Structures are given as C-alpha cells and as structure tokens.
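Taking it in order: structure first as structure tokens, then the write-up.
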Amino acid sequence: MTAPADLSVASREEHDEAAQALFDDLIAKDSRIEPRDWMPEAYRKTLIRQISQHAHSEIIGMQPESNWITRAPSLKRKAILMAKVQDEAGHGLYLYSAAQTLGISREEMMQQLIEGRARYSSIFNYTTPTWADMGAIGWLVDGAAICNQVPLCRASYGPYGRAMVRICKEESFHQRQGFEILLELMQGTPEQQQMAQDSVNRWYWPALQMFGPPDDQSPNSAQSMAWNIKRFSNDELRQRFVGMLVPQAEVLGVTLPDPNLKWNEEKQAYDMSEIDWTEFHEVLAGRGPANAERLRRRREAHEEGAWVREAAHEYARKQAERAKAVA
Ligand code: BYC
C-alpha cells in the first residue's frame with residue numbers, strides 16, 4: 001500500500017493507521033512483507049541493519065579462506081575452496097540486492113563497510129594459520145551459519161527469506177566440505193590429527209559467539225522476533241548448534257574444548273562453560289586479532305576495483321542510450 005503524495009496531514013495519518021493495521025495483520029498471519037508494501041520505518045531500519053551486516057559478513061568472510069587458495073594441498077582442494085569462496089561472493093550479492101529493495105544503495109552500504117561504520121560477523125576477525133582452519137571454518141562457522149540461517153528462510157521480509165533459501169543450500173555443501181577436510185586430517189598422521197584438534201580448539205568458542213550476545217543482553221531480539229524476522233533467540237540457536245556438534249565431533253574423533261559440556265537430562269539441553277563475552281566485545285570494538293587487516297584488505301580491493309565499477313557504469317549508460325535511440 002503506497003501513500004498518495006498530496007494527502008493532507010489528517011488523511012495521511014488515517015492512511016498510515018490503515019497501512020499499519022494491514023502490516024500487523026500480515027505479520028500476525030505469518031505472511032510475507034514485500035518491497036511494494038507499506039512497512040514501519042523501524043522494521044525497514046532493522047532489516048537494513050541485519051541484511052547489510054549479513055552481506056558484509058559474506059564479503060569479509062571470503063578473506064580468511066582466500067588466504068589458503070594458493071596453498072591448498074591438492075588441485076581438487078584448491079578447486080573446491082575457490083568454488084566455496086565464489087559462493088560467498090554470490091551470497092553477498094543476493095543480500096546486498098535484498099537490502100537495496102529497502103531503499104539503501106549498494107554504494108552507501110559499501111562506504112559504511114570500508115569506513116569501519118558497519119558491523120560484520122565477529123568470527124571473521126580471526127586468523128587462519130593452518131590448512132585445518134579451512135576444515136574448522138567449514139564445519140564450525142558454516143555449521144553455525146546454517147543453524148542461524150535456516151530459520152531466516154521464513155523471515156517475514158520476502159527478498160531476505162528467498163535469498164536465504166539458496167544461501168542455506170550452498171552453506172550445507174560448505175559445512176560438509178569442512179567436515180570432510182577434518183575427517184581426512186583425523187585419519188592421517190598424529191601431526192595432522194593435532195593440527196585438526198588445535199584448529200577446533202581455536203574456532204569453537206568464536207563460533208558459539210556468532211549467535212550473538214546472551215538473550216538477556218540482546219537488545220534487538222524481542223522486536224525482531226515479534227516481526228517474524230528472527231524465529232529463535234540467540235541462546236536457543238546456540239544450544240541447537242552444540243547439540244548438532246556433539247555427535248559429529250564423535251564421528252570426527254575431535255574433542256570439543258569445553259570440560260563442562262554435558263547433557264542435562266532435566267533441562268533437555270547441554271550444560272556448558274560460560275562464554276568469554278569480554279573477548280566478543282573486544283572483537284566488536286575492532287580489537288580482534290585480524291580486524292585491522294580485514295578492513296585494510298577490503299579497502300584495497302575496493303580501490304583496485306574502481307575501474308570495474310567505472311566500466312560497468314559506462315556500459316550501462318551506453319546500453320540505456322542505445323535503447324532510447326531505438327525507442
Ligand atoms: N558479530 O541484539 P543482538 C557466513 C551485534 S556469514 C558481530 O542479539 P540481532 C559465512 C548485533 O549486530 C554469517 N556483531 O542483535 C561467510 C547488534 O549490534 P547493532 C553471518 C554481532 O541482530 C563466509 C549487537 O551485537 N550471519 O555464514 O538481534 C564464510 C546486539 O546483538 C554479533 C548473519 O549475519 C556477531 N557475531 O542478532 C563462511 C546472520 N552478534 O547492530 C561463512 C544474520 C551480535 O545493534 N544475522 N552482534 O549495532 C542475525 O541472525 C542476527 O543479526 C545476529 C544478531 C544473530 C547475528
């Protein structure tokens with residue numbers, strides 16, 4: 001529902017009330033909101049915030065893995081890793097496109113990212129010193145992403161939910177390839193086994209932090225859940241993830257680095273150690289092991305890509321001119 005431009009203040013208020021009622025009704029019926037629909041400003045802003053952060057995460061998330069493309073241990077591994085990193089670029093593009101339907105431009109989002117004004121997932125501020133990190137990222141980071149993102153396929157905003165369907169299919173493949181890298185290492189020499197275990201030790205806690213702060217410190221959750229953007233709380237998804245990891249760790253033969261991890265029959269959930277939230281807040285504040293490097297590299301890539309943007313722009317201009325001449 002769109003508002004005619006020449007409405008008086010009183011009739012605009014009436015229009016907004018009717019539009020709000022229609023929006024509330026669509027949310028109550030668990031229907032989809034589409035770009036053409038009226039939506040409250042706060043809903044639009046929340047979606048721009050979450051979707052752009054998500055897009056930035058995909059783009060920055062290419063860096064820790066691209067670090068290993070030239071050093072992958074075989075041609076097959078190199079081809080798989082390249083395909084995975086390309087998938088992530090694609091995810092970023094679907095997500096930037098979804099955010100653009102809410103009225104923000106790609107340039108503005110990119111500017112926010114390179115100027116350090118935008119968030120992206122904390123997990124990508126950790127380094128990847130060994131090949132096993134490609135396994136741990138696939139298994140733990142993509143695994144956490146799947147847990148978090150499968151419910152987002154039902155997000156109330158149509159373009160976001162639809163983008164998530166394809167992304168989740170690809171994330172599933174990513175998670176399996178990571179699991180398979182670790183499995184092969186765990187079936188290898190004692191040094192390879194140790195390298196896999198060390199990597200799991202380094203990525204486990206940051207992966208749990210991907211789900212965001214604990215529920216009682218998550219300012220956005222309640223409203224996002226009321227709008228059917230988020231379907232489960234941060235802690236619920238974290239629990240679900242740990243429940244998924246435990247049997248997989250057994251198959252791999254790796255130990256999850258939490259001495260207090262234990263099934264609690266009464267709670268029907270895992271007990272676990274307290275997460276180090278100081279570390280999480282340090283990373284969010286830009287003081288993680290690789291924050292500066294990630295942004296430096298992103299800025300460099302943006303500058304190096306200026307000629308591609310100019311060429312695309314010029315091509316589009318010429319196409320439009322030609323179309324005009326024919327019409
Ligand atoms: N890192 O109120 P809360 C991938 C922020 S990419 C950084 O709970 P919300 C992949 C949060 O933004 C996967 N910041 O927020 C790619 C908020 O700050 P602002 C990325 C975090 O939005 C390449 C504040 O903390 N996935 O899979 O309700 C290779 C308070 O939090 C983090 C997504 O983006 C964090 N971990 O819930 C491999 C999923 N956690 O904005 C793999 C989509 C929280 O108020 N996003 N913050 O300044 C979401 O589901 C939600 O936005 C979150 C946070 C669960 C992340």
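Ligands are counted one by one from 1 in listed order, and the atoms in each one are counted from 1 as well. Being a predicted model, the structure only gives us computed values, none of them experimental.
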### Task
Give a yes or no answer on whether the side chain of Arg238 reaches the backbone of Leu208 with a donor-acceptor pair at less than 3.5 Å.
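Confirmed, Arg238 side chain pairs with Leu208 backbone.
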### Asn264 side chain to Tyr270 backbone, donor-acceptor under 3.5 Å
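Judged by distance alone, no pair lies under 3.5 Å.
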Show the distances, to 0.1 Å, for all pairs joining an N/O atom of ligand 1 and a protein N/O atom that are shorter than 3.5 Å, listing one pair per line.
unit_1: ligand 1; atom_1: 1 (N); unit_2: Ser122; atom_2: N; d: 2.8
unit_1: ligand 1; atom_1: 1 (N); unit_2: Ser122; atom_2: OG; d: 3.3
unit_1: ligand 1; atom_1: 2 (O); unit_2: Ser218; atom_2: OG; d: 3.1
unit_1: ligand 1; atom_1: 2 (O); unit_2: Pro219; atom_2: N; d: 3.3
unit_1: ligand 1; atom_1: 2 (O); unit_2: Asn220; atom_2: N; d: 2.9
unit_1: ligand 1; atom_1: 2 (O); unit_2: Asn220; atom_2: ND2; d: 3.0
unit_1: ligand 1; atom_1: 8 (O); unit_2: Ser218; atom_2: OG; d: 2.7
unit_1: ligand 1; atom_1: 8 (O); unit_2: Asn234; atom_2: ND2; d: 2.8
unit_1: ligand 1; atom_1: 12 (O); unit_2: Gln53; atom_2: OE1; d: 2.9
unit_1: ligand 1; atom_1: 12 (O); unit_2: Gln53; atom_2: NE2; d: 3.4
unit_1: ligand 1; atom_1: 15 (O); unit_2: Asn220; atom_2: ND2; d: 3.3
unit_1: ligand 1; atom_1: 18 (O); unit_2: Arg119; atom_2: NE; d: 3.0
unit_1: ligand 1; atom_1: 22 (O); unit_2: Arg49; atom_2: NH1; d: 3.1
unit_1: ligand 1; atom_1: 22 (O); unit_2: Arg49; atom_2: NH2; d: 3.2
unit_1: ligand 1; atom_1: 28 (O); unit_2: Lys230; atom_2: NZ; d: 2.6
unit_1: ligand 1; atom_1: 36 (N); unit_2: Ser122; atom_2: OG; d: 3.1
unit_1: ligand 1; atom_1: 36 (N); unit_2: Gln209; atom_2: O; d: 3.3
unit_1: ligand 1; atom_1: 36 (N); unit_2: Met210; atom_2: O; d: 3.3
unit_1: ligand 1; atom_1: 37 (O); unit_2: Lys230; atom_2: NZ; d: 2.9
unit_1: ligand 1; atom_1: 41 (O); unit_2: Arg49; atom_2: NH1; d: 2.9
unit_1: ligand 1; atom_1: 41 (O); unit_2: Gln53; atom_2: NE2; d: 2.7
unit_1: ligand 1; atom_1: 45 (O); unit_2: Asn220; atom_2: ND2; d: 3.2
unit_1: ligand 1; atom_1: 48 (O); unit_2: Arg119; atom_2: NE; d: 2.9
unit_1: ligand 1; atom_1: 48 (O); unit_2: Arg119; atom_2: NH2; d: 3.3
unit_1: ligand 1; atom_1: 50 (O); unit_2: Asn148; atom_2: OD1; d: 3.4
unit_1: ligand 1; atom_1: 50 (O); unit_2: Asn148; atom_2: ND2; d: 3.1

### Query
Has Arg32 got its NZ or CZ under 6.0 Å from the middle of the six-membered ring of Tyr157, at an angle within 45 degrees of the ring axis?
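No.
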#### Entry: Tyr120 and His54 aromatic centres sub-6.0 Å
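Ring centroids of Tyr120 and His54 are no less than 6.0 Å from each other.
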### Message
Testing the 3.5 Å rule here: is there a donor-acceptor pair between the side chains of Glu265 and Trp263?
### Response
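There is such a pair (donor and acceptor under 3.5 Å, judged by atom type) between the side chains of Glu265 and Trp263.
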### Message
Working note: Asn67 + Gln63, criterion side chain to side chain donor-acceptor pair (under 3.5 Å); need CA distance, chi angles, decisive distance, verdict.
### Response
CA-CA 6 Å; Asn67 178 31; Gln63 291 188 33; over 6 Å; no
